[in-house]
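The structure appears below as structure tokens.
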Amino acid sequence: GKMQGYPWWPGMIDNDPLTRTFYYKHANSQLPDKYHVTFFGIQATRAWIGKKFIKVYNPDDKEDQLKYDQRKSGKGMREAIAMANQAFHLELNDRKKIYGFKEQGKSV
């Protein structure tokens with residue numbers, strides 16, 4: 001996901017711990033406008049992100065913007081990408097149990 005003022009950062013769509021939903025849509029919209037994203041990293045962070053600022057991460061995509069940002073962003077990005085690579089191969093429920101904001105927040 002991408003937040004204004006920050007580079008693209010690996011994360012996953014996850015339930016908001018307050019609303020217990022993972023998407024938001026306006027009353028007159030059929031499709032979600034925003035998704036709740038938990039960002040990978042040492043410290044759990046989360047945000048509601050517009051759909052145009054979310055893209056699918058593929059660890060095998062050599063042209064992925066995250067690979068470029070990893071070189072610019074240092075250790076934090078490298079650790080977040082390592083977590084994303086591990087999460088990529090997990091089933092959804094296992095991924096949420098390990099990397100979901102609710103679970104990450106317990107260790108912070």
Side-chain angles (χ1 to χ4, degrees):
K2 172 109 174 68
M3 291 179 54
Q4 188 173 357
Y6 293 90
W8 284 95
W9 200 270
M12 66 179 208
I13 294 175
D14 187 23
N15 287 339
D16 180 306
L18 302 175
T19 65
R20 296 186 177 151
T21 60
F22 64 90
Y23 68 91
Y24 168 82
K25 66 178 188 169
H26 292 286
N28 60 350
S29 179
Q30 291 184 335
L31 297 174
D33 300 299
K34 292 184 177 187
Y35 291 91
H36 183 262
V37 175
T38 296
F39 293 99
F40 294 117
I42 294 172
Q43 185 170 0
T45 57
R46 64 187 182 94
W48 285 94
I49 305 292
K51 62 185 175 184
K52 69 181 182 177
F53 295 107
I54 295 175
K55 61 183 179 177
V56 175
Y57 173 71
N58 180 348
D60 299 322
D61 182 356
K62 303 298 182 207
E63 299 299 316
D64 193 294
Q65 181 65 36
L66 286 173
K67 303 295 191 294
Y68 173 74
D69 288 341
Q70 175 181 340
R71 294 191 301 269
K72 296 190 323 183
S73 300
K75 184 178 179 184
M77 176 65 82
R78 286 191 299 274
E79 290 172 351
I81 288 176
M83 291 173 78
N85 289 341
Q86 292 169 356
F88 184 82
H89 298 288
L90 297 173
E91 295 293 326
L92 178 61
N93 286 334
D94 292 336
R95 186 179 322 139
K96 288 173 74 172
K97 284 179 188 174
I98 297 169
Y99 296 107
F101 182 81
K102 199 171 173 183
E103 296 305 315
Q104 284 192 55
K106 289 179 182 176
S107 63
V108 176

All heavy atoms of D14 vs all of K96, minimum pair found to be OD1-CE, 3.9 Å
Roughly how far apart are N15 CG and Y23 OH, rounded to 0.5 Å? 10.5 Å
Evaluate the side-chain proximity of H26 to N28: yes if any heavy-atom separation is below 4.5 Å, no if none is. yes
Nearest 0.5 Å please: distance from the CD atom of Q86 over to the CG atom of D94. 13.0 Å
As a test of understanding, state which of V37, I81, N85 forms a side-chain contact (heavy atoms from CB on, under 4.5 Å) with P10. I81
Using 0.5 Å steps for rounding, measure from the NZ atom of K34 to the CG atom of D16. 12.0 Å
Are there more than 12 heavy atoms of other residues, nucleotides or ligands under 6.0 Å from atom CZ of F88? yes
Could you tell me which non-hydrogen atom of P17 sits nearest to which non-hydrogen atom of F101, and how far apart they are? CG-CD2, 3.7 Å
Identify the two heavy atoms, one from L31 and one from K25, that lie closest to each other, and give their separation to 0.1 Å. O-CB, 3.6 Å
Is I13 linked to Y57 within one hydrophobic cluster, defined over Ile, Leu, Val, Met, Phe, Trp and Tyr using a side-chain heavy-atom separation of less than 4.5 Å? yes
Is the backbone of M77 close enough, under 3.5 Å, to the side chain of W9 for a donor and an acceptor to pair up by distance? no
Should L90 and Y99 count as side-chain neighbours, where that means a heavy-atom distance under 4.5 Å? yes
Qualifying residue for side-chain contact (heavy atoms from CB on, under 4.5 Å) with M3, from F39, F53, W48: F39
Would you say the side chain of I49 lies within less than 4.5 Å of the side chain of K2, judging by non-hydrogen atoms? no
If every non-hydrogen atom of I42 is compared with every non-hydrogen atom of E79, which pair is closest and at what distance? CD1-OE1, 2.6 Å
Show the nearest heavy-atom pair for residues H89 and P59, with the distance to one decimal. NE2-CG, 4.5 Å
Begin from the C-alpha positions of H36 and T21 and carry the test side chain to side chain contact (heavy atoms under 4.5 Å, CB included) through to its verdict. CA-CA 8 Å; H36 183 262; T21 60; over 6 Å; no
